[in-house]
Amino acid sequence: MATRKPAFWPWAMGLCAITACSSVAAQTMRKDTLAELDKLSQATVGVVPGLATARRQIASGELLGALATLERVLIHHPDAGEVLLLHASLLCRLDDRSGSEVEFDYLRGRGVPDQQWNEATAPCSPNWKPGT
Amino acid sequence: MTEKSSVRARASHFSAIAAIPVLASGALAAAGPQAVGIASAVLNDVRIESVGARQFRPAMLRQRMALADQVQTGLRSQLQVLLLDKSVFTVGANARLSIDRYVYDPATGRSFSATVAKGAFRFMSGRPDRGHNSSISTPISSIGIRGTIVEGVVGAEAVDIANGERGIGQNRNSDPLTASLIVLRGPGQRTQGNAIPGVIDVTAGGKTVTLDRPMLAVYVPRPGAEPIGPFTLSNSGLARIQALIFPLLAEWAAMAPVGNTPYPVAQPNRPRPPRPGEPFPPDGDAGGSSYQPPYGSILPGYLQFPRPTGLPRPPASTPQTAVDAGVTPQPGPAEVATPQSAPSSQTPALQSPTQTTAAPTPATTSAPTPAPKLRQNAGSLPGSSQPAGSTPATNKQTGAPAGNSLPIPGKP
């Protein structure tokens, strides 16, 4: 009795569909991610939106993301003292004490109000906890 | 079905199977090179040579970055690349970078490799690395990344910074073209948020050194040499690296005059490379280079590059900058390298050590000028975003840098 061989084309078409679908899905995901990156970059063209973005990221625990955001702002606005202050403070929270010392030193003597200075340097204290 | 027609049918089936990946790759090729990230911040002279293109073109903000794109930055320039997984690669002035491999799956993580041929860089992981399979290469070393913030300098600046570090001794016989200084910046063990403590493995000359604490660094002086270290990088060394990665921030911190005054960040004077068959270093000066610091005398004390011994002194008419005994250094004249064209992407431009000249701007008085105030909260700035390449207004002011004492928690 002759056995019937399985048809080839349905299998090939299925493979084709899977390949196409995965390729389209990957492309879509990549496109979405790139759009998200564009949005992040756009948000840091100015100082105010950059600070707002960074604070949102800090609130959600994305300290490295906030650091990158502030660095983007500082590239074009190196004189934005509040951005540098927050950046230095974040370095403390990431346990990069020396990095924060160097940046705080940039700011020393440049008229940072007491309250802002104290808030920024508080995370450098070993007993500091977020939210205190 | 005859034997012959069966063979023909199978052949057509195989042709169809073979066509699937061909068609898929054709579709991908038609869509252009795969973007792995964007140029998220571009400052001044940044050029990118895309795959297939034969020349560098100016980088645009939010331009797509693809694998094997060659990035080259010029004087006072900077580029930040935001990768798909939100990792961040930043290069400073006179740097060359390419991303050689990049695989990202949101479910499992990312692995990548990149090459920094020259200049200063900073890399921050966006996510933990899959199987510790990510690396950054310099011409003479490889840095294995495990979720981290790492900075490095390749070239003459690395030699100069290393010369100022007590942790690594003298007589290192450094190659000013390839010497690499690498430092782990964090996060440390007590990090907060969703960051994980950083670790890197630096391999050179067949030896691997692991850095697992912020500010631990290694120095690879020349091809084939083992890493020197780990040692703890000094704050002044760190400030110098920062000045290379963030040139405008360093200018602002130092209150360097810009605009009409030639800014002494031109190509540094470097010793010539060894000729074939010639012992290294060519000048027989073991342990040092005649490289002159790019920032000359405009930086505050802790940013000052120590002048290597044996270098020609500036002309007598050039005022010297006082950096110690509590005297505030003045921005100003100093010496500048003769303006040079941007270095070629293939061969770094070398200069004679004698190409220094006095800046045309006369010396400022010795009385310190008050440091300018910070730009205070940005509340007034919604429309003030400056385009790439612009110079912040405060940089045009001259003045003395702020105090240099380092312990932080004190009052400003």
Side-chain angles (χ1 to χ4, degrees), chain A residues 8 12 15-16 19-20 23 27 29-30 33-34 37-38 40-42 44-48 51 58 61-65 67-68 71-72 74-84 91 93-102 104-112 114 117 121 124-125 130, chain B residues 13 16-17 20 24 27 35 37-38 40-41 43 61-62 64 78 80 82 84 86 88 90 124 126 185-195 214-215 235 238-239 242 246 248-249 252-253 371 373-379 381-382 384-386 388 392 394 402-404 406 408-409 411-412:
Chain A
F8 170 74
L15 186 63
C16 244
T19 308
S23 173
Q27 291 288 345
M29 185 205 75
R30 188 179 296 265
T33 310
L34 287 169
L37 300 185
D38 280 342
L40 273 175
S41 172
Q42 183 108 40
T44 49
V45 168
V47 175
V48 170
L51 271 173
I58 292 169
E62 290 178 58
L63 300 190
L64 288 175
L67 208 61
E71 286 172 12
R72 267 194 298 283
L74 284 171
I75 287 176
H76 292 298
H77 305 279
D79 58 340
E82 193 170 347
V83 176
L84 187 57
L91 290 179
R93 294 184 62 175
L94 289 164
D95 200 20
D96 178 8
R97 304 297 164 119
S98 298
S100 66
E101 281 179 21
V102 168
F104 279 125
D105 210 53
Y106 282 164
L107 293 160
R108 201 179 297 277
R110 300 208 178 175
V112 180
D114 286 359
W117 181 271
T121 54
C124 304
S125 155
Chain B
H13 292 172
I17 292 171
I20 292 169
I38 66 167
S40 52
L43 177 68
L61 187 61
R62 291 190 277 285
R64 273 31 180 169
Q78 196 176 3
Q80 190 194 70
L82 198 47
L84 290 175
K86 295 182 185 168
V88 177
T90 307
M124 283 198 293
R185 288 293 305 277
Q189 294 295 326
R190 289 178 294 176
T191 185
Q192 300 165 8
N194 58 7
M215 294 299 284
N235 278 13
L238 178 62
Q242 291 287 288
F246 293 90
L248 286 198
L249 183 60
W252 176 79
K373 291 282 184 183
L374 289 171
R375 179 196 285 187
Q376 278 301 324
N377 185 355
L381 292 174
S384 70
S385 58
Q386 292 169 309
T394 50
N404 297 338
L406 281 177
I408 318 173
K411 172 71 188 70

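Numbers restart at 1 for each chain; the letters A, B, ... are given by sequence-line order, proteins then strands. Quantities reported herein were computed from a predicted structural model and do not represent experimental measurements.
- Between A:Ala68 and B:Gln80, the shortest heavy-atom distance links the atoms O-NE2, 3.4 Å.
- Considering all non-hydrogen atoms of both residues, B:Leu84 and A:Thr33 come closest at O-CG2, 3.2 Å.
- Heavy atoms of B:Pro214 lying under 4.5 Å from chain A belong exclusively to its side chain.
- Using a 4.5 Å heavy-atom cutoff, the side chains of A:Ile75 and B:Leu248 are not in contact.
- Contact annotation for B:Leu238: only side-chain heavy atoms (C-beta onward) come within less than 4.5 Å of a heavy atom of chain A.
- Heavy-atom pairs under 4.5 Å with chain A were tallied for B:Arg185, B:Gln189, B:Met215, B:Gln242; the largest tally goes to B:Arg185.
- In this structure, the side chains of A:Glu71 and B:Gln78 stay at 4.5 Å or more apart for every pair of heavy atoms.
- You'll find the side chain of A:Gln42 reaches within 4.5 Å of the side chain of B:Arg62, heavy atoms only.
- Annotation for A:Arg72 and B:Ala41: closest pair CG-CB, 4.1 Å, computed over non-hydrogen atoms.
- Side-chain contact between B:Lys86 and A:Leu64 is absent, with no heavy atoms from C-beta onward closer than 4.5 Å.
- The shortest distance between side-chain heavy atoms of A:Ser41 and B:Leu61 falls below 4.5 Å.
- The closest side-chain heavy-atom distance from B:Leu249 to A:Leu84 is below 4.5 Å.
- Closest approach of B:Ala253 and A:Tyr106 over heavy atoms only: CB-CD2, 3.3 Å.
- In terms of heavy-atom pairs under 4.5 Å with chain B, the best-connected choice from A:Leu63, A:Leu37, A:Thr44 is A:Leu37.
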Review point. How far apart are the C-alpha atoms of A:Asp38 and B:Arg64, what are their side-chain angles, what is the distance that settles it, and do they pass the side chain to side chain contact (heavy atoms under 4.5 Å, CB included) test?
Key: CA-CA 10 Å; A:Asp38 280 342; B:Arg64 273 31 180 169; 2.8 Å; yes
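- For A:Leu91, the part lying under 4.5 angstrom from a heavy atom of chain B is the side chain only.
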